[in-house]
A.B. asks: 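Just dropping this structure here.
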Protein chains: 2
Amino acid sequence: MPKKTHRIARRTEALSRERIVAAAIDILDAGGEGALTVRALAGRLATGSGAIYWHVADKNELLAAAADEVIARVITAVAGSKEPQEAIRAIALGVFDAIDAHPWVGSQLFREPWRPATLEIIESVSGQLHALGGPRAAQFNSVTALLHYILGVAGQNAANARLVAPGTDRSAFLGSVAARWTALDPAKYPFVRQMAAQLRDHDDREQFLAGVDLILAGIAAVR
Amino acid sequence: MPKKTHRIARRTEALSRERIVAAAIDILDAGGEGALTVRALAGRLATGSGAIYWHVADKNELLAAAADEVIARVITAVAGSKEPQEAIRAIALGVFDAIDAHPWVGSQLFREPWRPATLEIIESVSGQLHALGGPRAAQFNSVTALLHYILGVAGQNAANARLVAPGTDRSAFLGSVAARWTALDPAKYPFVRQMAAQLRDHDDREQFLAGVDLILAGIAAVR
DNA sequence: ACCTGAACACCGTTCAAGT
DNA sequence: ACCTGAACACCGTTCAAGT
């Protein structure tokens, strides 16, 4: 039986960084950040916990690599030749949708600004802003403003996803937050109370794009 | 000795939610999020770990209460009668500075959008936007855009604070990130590379305000 | 070179028992 | 009513031992 080891290697494929990251993404998507434990990962890969550490430095690096992977897919997907403003909207929306689908990416984006995930976003946005023209200092301001806005929405979405019970739908969640807002002391929170209805009825994607457009309008105004 | 229990009660003051939250803020400020463990907190308060849970539901609630406290102080501090635009800048800068001083607040702000911390910010900003006038739908867009931008910067600052070794200063950190950016592949990241110098030399507060102004310009433009 | 899995040093939280 | 602290059920990470 000279092919025996060969067969075994085929059945339980050799561990690799790629397989580990892919399994991590699956676990994160299925159960959120809390579900990704080294033991769960090792179990799904049918190996020992220690084996993970041969391919990956620690859990932090694993989380970062998983987020990099998801964002890289987005950026390549939206790459295309459009008008700068439209391209920026597409990039922003791509990131938004990716975080909507994988909320754990939202919390990851904040760590280590030199990671590919953030870098890809900065690079593609600033490429478009460059095409738009204007002085270099203004461009730096514009990229960081857009990036921070996107990150802010990303983080908020990730946090919301952590809060809503897996079964409940988005509008039920918004409805309950709106109800809380309505129940606030009118003397202390008059404006928040007034906004409750809009909170309840708004569409997240539209709202996100409205913010992008607001910033783009600002960029156009100061240019 | 009828006053004995009295004396003891005076020396080791009775536990209370306020004392616990105050001690938590101290620990968080001194050692960051990682330093706040229930055991550390109990130790500092000279009590058992279980005692904490008599006054506070769990660690999450404790973190949230600590953040609420810090933000509430900011909002009351910047309250004053100024021009709306200037007031918004003051509120934003107040939040920015608070998170600069207490980075752990940055990560907390994302959780639970009905918590006082976020509510205070929304209320005060939207009060000023109301004074600025314009249609109600546009005002909702404006508040959320500003809030998400502020949250984005907050989260990024908190993440950076977690990364820099407690001793290193800000400019050394920026220098090292800028060096990484410069070392990137020019074919893959031409624009990021170009921005490295600006990243190195920028001032965080100015940069933050430039973003606020960009959004305010956008708000003025679409009104 | 790569993998195993027990062991280590932690966590947050609970709860019988005390005062 | 409030506090104690041991105990429980977890973590991430390490490392001697195997192949």
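Chain A is the first sequence line, chain B the second, and so forth, proteins listed ahead of strands; every chain is numbered from 1.
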A.B. asks: Report all side-chain donor-acceptor pairs from residues 186-193 of chain B shorter than 3.5 Å, counting only partners two or more places apart or in another chain.
C.D. replies:
{"from": "B/Tyr189", "atom 1": "OH", "to": "A/Glu120", "atom 2": "OE2", "distance (Å)": "3.1"}
{"from": "B/Arg193", "atom 1": "NH1", "to": "B/Thr182", "atom 2": "O", "distance (Å)": "2.5"}
{"from": "B/Arg193", "atom 1": "NH1", "to": "B/Leu184", "atom 2": "O", "distance (Å)": "3.4"}

A.B. asks: Should A/Glu112 and B/Arg162 be marked as a salt bridge (charged side-chain N to carboxylate O under 4.0 Å, His left out) after you check the CA-CA gap, both sets of side-chain angles, and the distance that decides it?
C.D. replies: CA-CA 10 Å; A/Glu112 306 174 288; B/Arg162 213 179 292 130; over 6 Å; no
A.B. asks: Are B/Trp104 and B/Ile27 close enough that some pair of their side-chain heavy atoms sits under 4.5 Å apart?
C.D. replies: no
A.B. asks: Measure CD1/A/Ile20 against P/C/dC2 and give the value in whole Å, please.
C.D. replies: 12 Å
A.B. asks: Without decimals, in angstroms, what is the distance between B/Asn60 CG and C/dG12 P?
C.D. replies: 11 Å
A.B. asks: Would you mind reading off the distance between A/Leu15 atom CG and C/dG5 atom P, rounded to a whole angstrom?
C.D. replies: 13 Å
A.B. asks: For the side chain of B/Trp54, starting at C-beta, report the closest nucleotide among D/dA1, C/dA1, D/dT13.
C.D. replies: D/dA1
A.B. asks: How many Å lie between CD on B/Glu33 and P on C/dG12, as a whole number?
C.D. replies: 12 Å
A.B. asks: Calculate the interatomic distance between B/Tyr53 atom OH and D/dC3 atom P; express it in whole Å.
C.D. replies: 15 Å
A.B. asks: Any base atoms under 4.0 Å from A/Leu41, or only sugar-phosphate, or nothing? Heavy atoms, all strands.
C.D. replies: nothing
A.B. asks: Just the rounded figure in Å: distance from P of D/dC11 to NZ of B/Lys59.
C.D. replies: 16 Å
A.B. asks: When all nucleic acid strands are considered with a 4.0 Å heavy-atom cut-off, which category describes B/Leu36: base, sugar-phosphate, or nothing?
C.D. replies: sugar-phosphate
A.B. asks: What heavy-atom pair brings B/Val21 and B/Ala65 nearest, and what distance separates the two atoms?
C.D. replies: CG2-CB, 4.0 Å
A.B. asks: Can you identify which nucleotide, out of C/dC3, D/dC8, D/dC3, has its nearest atom closest to the B/Arg39 side chain?
C.D. replies: D/dC8
A.B. asks: Are side-chain heavy atoms of A/Leu151 and B/His148 found at a separation under 4.5 Å?
C.D. replies: no
A.B. asks: Counting heavy atoms from C-beta on, name the nucleotide in C/dG12, D/dC11, D/dA1 closest to the side chain of A/Thr37.
C.D. replies: D/dC11
A.B. asks: Using a 3.5 Å limit for the pairing distances, which stems of at least 3 consecutive Watson-Crick or G-U wobble pairs does DNA chain D take part in?
C.D. replies: C:4-8 with D:12-16, C:12-16 with D:4-8
A.B. asks: Would you say the side chain of B/Leu41 lies within less than 4.5 Å of the side chain of B/Thr37, judging by non-hydrogen atoms?
C.D. replies: no
A.B. asks: When the ring centroid of A/Phe208 is compared with that of A/Phe96, is the distance short of 6.0 Å?
C.D. replies: yes
A.B. asks: Nearest whole Å is fine: how far is D/dC11 P from A/Ile27 CD1?
C.D. replies: 12 Å
A.B. asks: Distance check needed: D/dC2 C1' versus B/Ile52 CD1, whole Å only.
C.D. replies: 13 Å
A.B. asks: Using only side-chain N and O atoms of B/His55, determine if any of them is under 4.0 Å from OP1 or OP2 of D/dC3.
C.D. replies: yes
